[in-house]
Amino acid sequence: MPPKVSSAMSWISSSVVICLQFRPLLLFVFLDLCVASLGVTNVEYISHYNQHNFTCEGWKGAPEAAAGNCTRYGRNGALRCYGGIRNLPAIPEPKMHRLQDIIFCGWPKHTFNPITDLQPFPKIRSLIIEYSEMREFVFDFPEMFYLQSINISWTNLSQVNARTFKRVHALRVVDLRWNKLVQLDGPLLLPRHFEELYLADNPWNCTRNFKWLLVPEKGAIVVDRDDIICMDKKYRDRHMLTVMNFKVMLRKECQTHDDLQNCTCTMHHIIPKTHIPLYTINCSNLQFRTMPSYIPTNTTTVYLNDNEIIDILPLRNNPYYRHVVDIHLDNNRIETIDVLEGGYWFEHFRLLSLRGNRLQKLPVYALDNALDGNLDANLLLLSGNPWQCTCIFIMRFREILMKYNEITRDAINITCTYKNSSPVRRASVLSLTREDVCKPEEEPKIYPLDMLNAVLAFLILLILSKLAYDYYYYKNFGRVPWIVMKLP
Ligand SMILES: *[C@@H]1O[C@H](CO)[C@@H](O)[C@H](O)[C@H]1NC(C)=O
Ligand SMILES: *[C@@H]1O[C@H](CO)[C@@H](O)[C@H](O)[C@H]1NC(C)=O
Ligand SMILES: *[C@@H]1O[C@H](CO)[C@@H](O)[C@H](O)[C@H]1NC(C)=O
Ligand SMILES: *[C@@H]1O[C@H](CO)[C@@H](O)[C@H](O)[C@H]1NC(C)=O
Ligand SMILES: *[C@@H]1O[C@H](CO)[C@@H](O)[C@H](O)[C@H]1NC(C)=O
Ligand SMILES: *[C@@H]1O[C@H](CO)[C@@H](O)[C@H](O)[C@H]1NC(C)=O
Ligand SMILES: *[C@@H]1O[C@H](CO)[C@@H](O)[C@H](O)[C@H]1NC(C)=O
Ligand SMILES: *[C@@H]1O[C@H](CO)[C@@H](O)[C@H](O)[C@H]1NC(C)=O
């Protein structure tokens, strides 16, 4: 692997490259001489391990790994520990003090304590930890003046405090890729001359706040921020910057529209491939008398529960609501939904919740048409309204509730109120029968008809018996009825 040269010092890079032409010869001595002869102090530290391509790969198979031993390399003191640091006390102190490059493979086992674990190495310049099961740093790094590069990969590290690296004054590079990091509480606090932070390939939870990545001064230090991928359930496989961009845009939109100032605006999904964000706006319980006149584009869900809304006309004629598929309007003052009839929204909604409003009637046939033609309709909640127990309406309403029982899922709780009854009489709509609601109205109409029928039947009987009587007397006595005599 070729040594890296600080970008700030790119003017000396060619000299270094020339030096490196002689790499096969006396590598360490020569490189040191090269760097020294250039009189450069600001060259990014060149790790001996990178030159040797020493990594932890295959460390488990090495003989030292079984014992958990360390081995020293190189004139300048590089130390490689496989699975432990058991033989460290055997190394004489002056030699320990010269060590500059430390690589730990498969160690530490659980936690890393930068204070005690690094104390034996006062001149350490590069720290590499790989294949460790460490989950955290038990303390922040102490005041250190030589450590320039920290590379921790393939560990169980899941948490880093903002101040962890703050006091490592010479620190330039921190590479935390391939760990188990989930969240950061904010941008890391880093020493003044810090250059590069790598954070990709961790199971980041993008539901958490990483908006600082978009702020140039704070975010640019994360050199691989374009490669960071989310791993949480909500944003799995989306780029973190994409997610944060949408979050920031949405926040701005909600803050700049007066109507939405007190609402909560969240993103609940990003459609794969197309990367269209979907938003939820929650304006519940804000004493709204009207529906907000503006809703961010790509909002699909709106909560307006517990307000004082009367009019839902915006659902029909405000284009911002055209693609709002789920709308919650529980506990408002809505008296009618007639305005929705025949509109685009009514035939495309997915969820409409109108519990606890003031609905007495609704256009039953329009509702039937809308639900019939709307394959997306999933939930329509209508309980908690003072529906009227009138014969024709309630019978049709009941029919609809049964026909679409998969959608009107709170039908069991829908009750109606009898109009002129006192005390107030309520009935469950589903359990009503035609006789329950229709009799009181139809009875008075039927009664006189029945009377008339009875009278007519009686008269027919009378006439028939008179006929029989007359016939009998005529046959036996030859007497014709009195009326026949009178006929002209
Ligand atoms: C580990 O180090 C100890 C001394 O500290 C030594 O006796 C032992 O042989 C070493 N084992 C291996 C496998 O290097
Ligand atoms: C850190 O270590 C990993 C794994 O060995 C390596 O791929 C990466 O390049 C190193 N990072 C830096 C900044 O050297
Ligand atoms: C570290 O992570 C690996 C893989 O997820 C897991 O099997 C192991 O139990 C973890 N170790 C500790 C100490 O948490
Ligand atoms: C991500 O963060 C959110 C919000 O704090 C939390 O509810 C969720 O459980 C987290 N998910 C994972 C996978 O950690
Ligand atoms: C938002 O809330 C504040 C404080 O409760 C209130 O003064 C303001 O009028 C509200 N704005 C809207 C649009 O409701
Ligand atoms: C919407 O906001 C209200 C009031 O702030 C809250 O009680 C409710 O839980 C929120 N609903 C959702 C789905 O977030
Ligand atoms: C809304 O979605 C469209 C695609 O349907 C997309 O082009 C647009 O950028 C999105 N708008 C916002 C504000 O996210
Ligand atoms: C019906 O109302 C009861 C009591 O308020 C409630 O517990 C239940 O969840 C409701 N059922 C439906 C399907 O809404």
Side-chain angles (χ1 to χ4, degrees), residues 254 257-265 279-296 299-371 374 377-390 392-394 396-397 400-401 404 407-411 413-420 424 426 429:
C254 283
H257 285 90
D258 287 346
D259 278 5
L260 301 176
Q261 253 169 21
N262 294 341
C263 304
T264 316
C265 303
Y279 303 135
T280 296
I281 309 299
N282 184 353
C283 303
S284 293
N285 207 352
L286 292 173
Q287 277 114 43
F288 279 14
R289 281 159 194 273
T290 54
M291 297 174 66
S293 56
Y294 175 83
I295 292 281
T299 297
T300 57
T301 306
V302 174
Y303 287 87
L304 281 164
N305 295 334
D306 306 299
N307 283 297
E308 293 160 17
I309 294 164
I310 296 170
D311 188 10
I312 56 168
L313 187 60
L315 287 183
R316 186 186 175 120
N317 65 7
N318 183 336
Y320 292 119
Y321 283 92
R322 200 173 166 86
H323 298 292
V324 176
V325 285
D326 299 339
I327 187 144
H328 299 257
L329 282 159
D330 292 351
N331 306 322
N332 280 285
R333 299 180 182 170
I334 299 160
E335 289 176 7
T336 167
I337 60 167
D338 295 10
V339 290
L340 297 182
E341 191 175 335
Y344 174 91
W345 194 87
F346 209 27
E347 272 153 27
H348 294 86
F349 77 93
R350 192 167 60 190
L351 183 155
L352 176 58
S353 188
L354 290 165
R355 289 177 295 187
N357 278 285
R358 299 185 178 170
L359 296 164
Q360 301 192 348
K361 284 199 173 188
L362 55 68
V364 181
Y365 285 125
L367 179 62
D368 191 8
N369 285 338
L371 293 180
N374 181 350
N378 181 268
L379 192 59
L380 174 64
L381 301 179
L382 296 170
S383 61
N385 282 286
W387 300 109
Q388 270 189 22
C389 300
T390 53
I392 295 171
F393 164 68
I394 217 72
R396 285 181 190 158
F397 187 37
I400 295 291
L401 293 180
Y404 299 103
I407 298 170
T408 55
R409 274 179 260 158
D410 68 344
N413 280 351
I414 298 181
T415 55
C416 65
T417 317
Y418 286 94
K419 211 174 178 184
N420 298 318
V424 179
R426 248 183 249 277
V429 173

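If you read the sequence from its start, that first residue is 1, and numbering goes on from there.
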Flag the pair [X] / [Y] as yes when at least one side-chain heavy-atom distance between them is below 4.5 Å, and no otherwise.
X      : Y      : value
Cys263 : Phe288 : yes
Asn385 : Asn357 : yes
Ile394 : Val429 : yes
Cys254 : Pro296 : yes
Pro292 : Val302 : no
Leu340 : Ile312 : yes
Ile281 : Val324 : no
Gln287 : Glu308 : yes

Going by ring pair (Phe, Tyr, Trp, His ring centres under 6.0 Å), name the residues that satisfy it together with Phe397, two or more places apart in sequence or in a different chain.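 Trp387, Phe393.
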Going by the rule ring pair (Phe, Tyr, Trp, His ring centres under 6.0 Å), which residues pair with Tyr294 if we only count those two or more places apart in sequence or in a different chain?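 So Tyr294 forms a ring pair (Phe, Tyr, Trp, His ring centres under 6.0 Å) with His257, Tyr320.
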Over 12 non-hydrogen atoms of neighbours within 6.0 angstrom of CZ in Arg426: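 No, not enclosed.
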Under 3.5 Å donor-acceptor, [X] side chain and [Y] backbone:
X      : Y      : value
Arg316 : Glu341 : yes
Tyr404 : Asp368 : yes
Asn374 : Phe349 : yes
Asn378 : Leu351 : no

Evaluate the side chain to side chain donor-acceptor pair (under 3.5 Å) criterion for residues Asn331 and Asp306: first the C-alpha distance (whole Å), next the side-chain angles of each, then the deciding distance (0.1 Å), finally the verdict. CA-CA 5 Å; Asn331 306 322; Asp306 306 299; 3.0 Å; yes
Scan Leu382, Ile327, Leu362 and name whichever one has a side-chain contact (heavy atoms from CB on, under 4.5 Å) with Leu354.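 Exactly one candidate clears the test, Leu382.
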Can a cation-pi geometry be assigned to Arg322 and Tyr344, taking NZ or CZ under 6.0 Å from the six-membered ring centre and within 45° of the ring axis?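 So Arg322 does make the cation-pi contact.
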What do the steps show when you test Ser353 against Asp330 for side chain to side chain donor-acceptor pair (under 3.5 Å), and what is the final call? CA-CA 6 Å; Ser353 188; Asp330 292 351; 2.6 Å; yes
As an exercise, state the distance from CG of Leu260 to CD1 of Ile295, rounded to the nearest 0.5 Å.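 One gets 5.5 Å once the value is rounded to the nearest 0.5 Å.
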Smallest separation among heavy atoms of Arg350 and Asp326, with atom names: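 Answer, listing the atom of Arg350 first, then Asp326: NH2-OD2, 2.8 Å.
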Mind running side chain to side chain donor-acceptor pair (under 3.5 Å) on Ser383 and Asp410 for me, showing each step along the way? CA-CA 6 Å; Ser383 61; Asp410 68 344; 2.6 Å; yes
